[in-house]
Structure formats: structure tokens, C-alpha cells
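Below is one structure, written out as C-alpha cells; comments come after it.
We use all heavy atoms of the structure for the numbers below, so side chains are in, but hydrogens, waters and symmetry mates are not.
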Amino acid sequence: SSTAFSEEGAPAPNPTPIYLEIITGVVFVECILIILANPVTIVAIIKSKLSKKSHVHFLIGALSVNDFLSGVTFLLMQVNLLMVRFSGMTRAIIELSWVLSTLNTLVVPSSLINSFLIGVDRFLAVAYPTEYMKKMNVKKASLMLVGQWLFAGAVVLPAAILKRSTQSQPQFIAYPPDIYPNGYAAYVTTPLAFILLIGNALLYARVFWLYKRQSNKVFANRDQLIQVFLNLVKNAAEAMGDTPDGEIILTTAFKPGMRL
């Protein structure tokens, strides 16, 4: 998966098995879709200014940025690999492979951590709605994202620097995990990814269970509910006074943690 660089240059890699060609093609298409889809979400959140009003949308926007960068870096890695096949191995191509692989290994775990943070946020919103609404805001969400990137950098960069410092000659990186020392991906980054994915799945399972428990039917007096409804409409009509073209809008919604 990696090729040593020499001053004379290296021949193009051996022909790739057909199944790897198919996988590469599928990943290539997926990268294109990621690159095209995520900017739509990012632009929508920015234009509506939701990122300033809601920390949830702020976290979702950050996740879209992470996914977009992940797709861009991986797509550029595939382009760099094609350059090897057509023009041979050069020092510039090898250095570019290191830069792109390092960026990719930073944004991929950041995306997983971002997803996990959104899961934690949703769990807290449902499990502790009152405290959550008082304490959570965009500023704290920003601090969470700063911590996310610092953690990803602490996991990725020291290992990549160690691997590079032990090489007498830089090697071409075909796959992002190749920037790590032997065994690092198997014993550190891969288990970390599984922990984040499983943890996120458990959080959403808990959120679903809490939602089902809180959305159960409750008994109520029909006549009293009608009276409350009429009082609300009457109060709203009186509050409008002589306002021309007045409009009363009635909505219903589920509110996490609230049961009547």
C-alpha cells in the first residue's frame, strides 16, 4: 500500500485487482455525492442564520463541513493515485499523498466525534429537558467542537509525525491509515471509531425509548380540554384588539421531557 521514493523515480504500481477497482469506483461516486450534497446543507444553515440561533443546527452544520472535507480529501487522494499510474512516482506526488492522507485522517475521526456529540446533545435534550434548555447554547457547542478537533489532532498527528520521522526516504501513501506506525490503526484508531459508532447507536436507542415512553396516551377530561382550548382562542382574539387582518395560528408539537 506504500511505495518507497527514489531519486530516479519509481515505476507505476502493479495492476490493481478488479474487486479493488470496483470498490474504488463506488467510493469515488460516494465522494462526489458527499461533495455535492453537504454544501447544500451548509448554505441553507448559513443563509437562514440557524447556526447563530440554534446550537443543534450549529453542530449539524459542523458535521456537514467535516463530511465535505472528508469527501474532498479522499477524492483528491484517488486523483493523486491516478497521477502515479500516468506519470510515475515523483517526490511531489509522495509529499501530496502525505498531506492529503493526514488531512483525511483528521477529518474522518472529527466527523465521527461530531456525530457522537450530536447524539449526546439529543439524549440530554430528551432526558433532562429543563436543565438542557437553561445551560446549552451556541457558545458551548463551539467549545465542544474545539475539543473535538484538539482530540482528533492528539490522536492523529503524533503518530503520523513518528511514522514520518522513522523513514529514511518518504513513502507514497495510498490509504490514509498508512501514515500510522504498524499496529496503531488496529489498536487505537479503529477501536476508537467502533466505540464512537456503538456509543452513538446506544444514545439514539435510548432517545427513541424515552420518546416512546413520553408519548404514551394520557387520560384527560374532554369537556375541560375544550374549555381550555376556547379560553386560549378567546384570549388570543382579545389580545389582537382591532388589529386588521389578525390571524390566530394553532399548532401542536411534542416537547422532550414534558408529559401532561
Side-chain angles (χ1 to χ4, degrees), residues 1-17 19-21 23-28 30-31 34-35 62-63 65-117 145-199:
S1 59
S2 58
T3 306
F5 172 79
S6 63
E7 294 300 329
E8 294 81 12
N14 293 328
T16 307
Y19 71 91
L20 286 181
E21 295 281 4
I23 293 174
T24 301
V26 172
V27 172
F28 190 86
E30 184 179 4
C31 289
I34 290 173
I35 292 171
L63 178 62
V65 172
N66 282 330
D67 290 344
F68 174 75
L69 293 176
S70 177
V72 169
T73 54
F74 198 85
L75 180 63
L76 292 177
M77 288 182 64
Q78 302 307 308
V79 172
N80 199 36
L81 188 58
L82 289 174
M83 290 173 60
V84 174
R85 297 180 181 179
F86 288 107
S87 61
M89 194 72 67
T90 66
R91 182 61 178 261
I93 287 178
I94 291 175
E95 295 295 348
L96 183 59
S97 74
W98 269 92
V99 172
L100 293 174
S101 297
T102 302
L103 290 175
N104 187 264
T105 52
L106 278 171
V107 296
V108 169
S110 292
S111 181
L112 292 175
I113 297 170
N114 203 157
S115 297
F116 181 76
L117 291 177
L145 293 180
V146 171
Q148 159 197 307
W149 282 101
L150 290 176
F151 180 78
V155 170
V156 172
L157 295 179
I161 293 171
L162 176 63
K163 173 69 175 288
R164 182 62 185 265
S165 64
T166 58
Q167 294 180 343
S168 57
Q169 291 182 327
Q171 295 179 328
F172 177 81
I173 305 296
Y175 304 100
D178 289 344
I179 70 169
Y180 298 133
N182 292 336
Y184 192 81
Y187 297 108
V188 178
T189 57
T190 300
L192 176 61
F194 276 106
I195 290 172
L196 291 171
L197 290 171
I198 294 172

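- Counting all heavy atoms, side chain and backbone alike, S110 lies closest to N66 at O-ND2, 3.6 Å.
- Judged purely by atom type and a 3.5 angstrom limit, S165 uses its side chain to pair as donor or acceptor with the backbone of L162.
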Extract all donor-acceptor atom pairs below 3.5 Å that involve side chains of residues 184-198 and protein atoms in other chains or at least two apart in sequence.
unit_1, atom_1, unit_2, atom_2, d
Y184, OH, V155, O, 2.6
T189, OG1, A185, O, 3.3
T190, OG1, A185, O, 2.7

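- To the nearest 0.5 Å, atoms CG (L81) and CZ (F172) are separated by 5.0 Å.
- Looking only at atom types and distance, the side chain of T73 has a donor-acceptor partner in the side chain of N104 under 3.5 Å away.
- Contact detail for D178 and K163: the closest heavy-atom pair is O-NZ, 2.6 Å.
- Scanning both residues, V107 and S70, for their nearest heavy atoms gives CG2-CA, 3.5 Å.
- By the 4.5 Å heavy-atom criterion applied to side chains, L112 and F116 are not counted as neighbours.
- The main-chain N or O of T102 is found under 3.5 Å from a side-chain atom of T105 such that the two form a donor-acceptor pair.
- Between L145 and A62, the shortest heavy-atom contact is CD1-CB, 3.4 Å.
- Considering CZ of R164 and CG of L157, their distance stands at 13.5 Å, rounded to 0.5 Å.
- Contact between M77 and I173 at its shortest, heavy atoms only, is CE-O, 4.4 Å.
- Between I179 atom CD1 and L103 atom CG the span is 9.5 Å, to the nearest 0.5 Å.
- With rounding to the nearest 0.5 angstrom, the CZ atom of F68 is 11.0 Å from the CD1 atom of I34.
- In terms of heavy atoms, W98 sits closest to A160 at CZ3-O, 3.9 Å.
- Separation of atoms OG (S101) and OH (Y180) is listed at 10.0 Å; rounding is to 0.5 Å.
- Between Q171 and S97, the closest side-chain pair of non-hydrogen atoms is not below 4.5 Å.
- Considering I93, L75, I94, V99 in turn, I93 is the only one that fulfils the side chain to side chain contact (heavy atoms under 4.5 Å, CB included) rule with N80.
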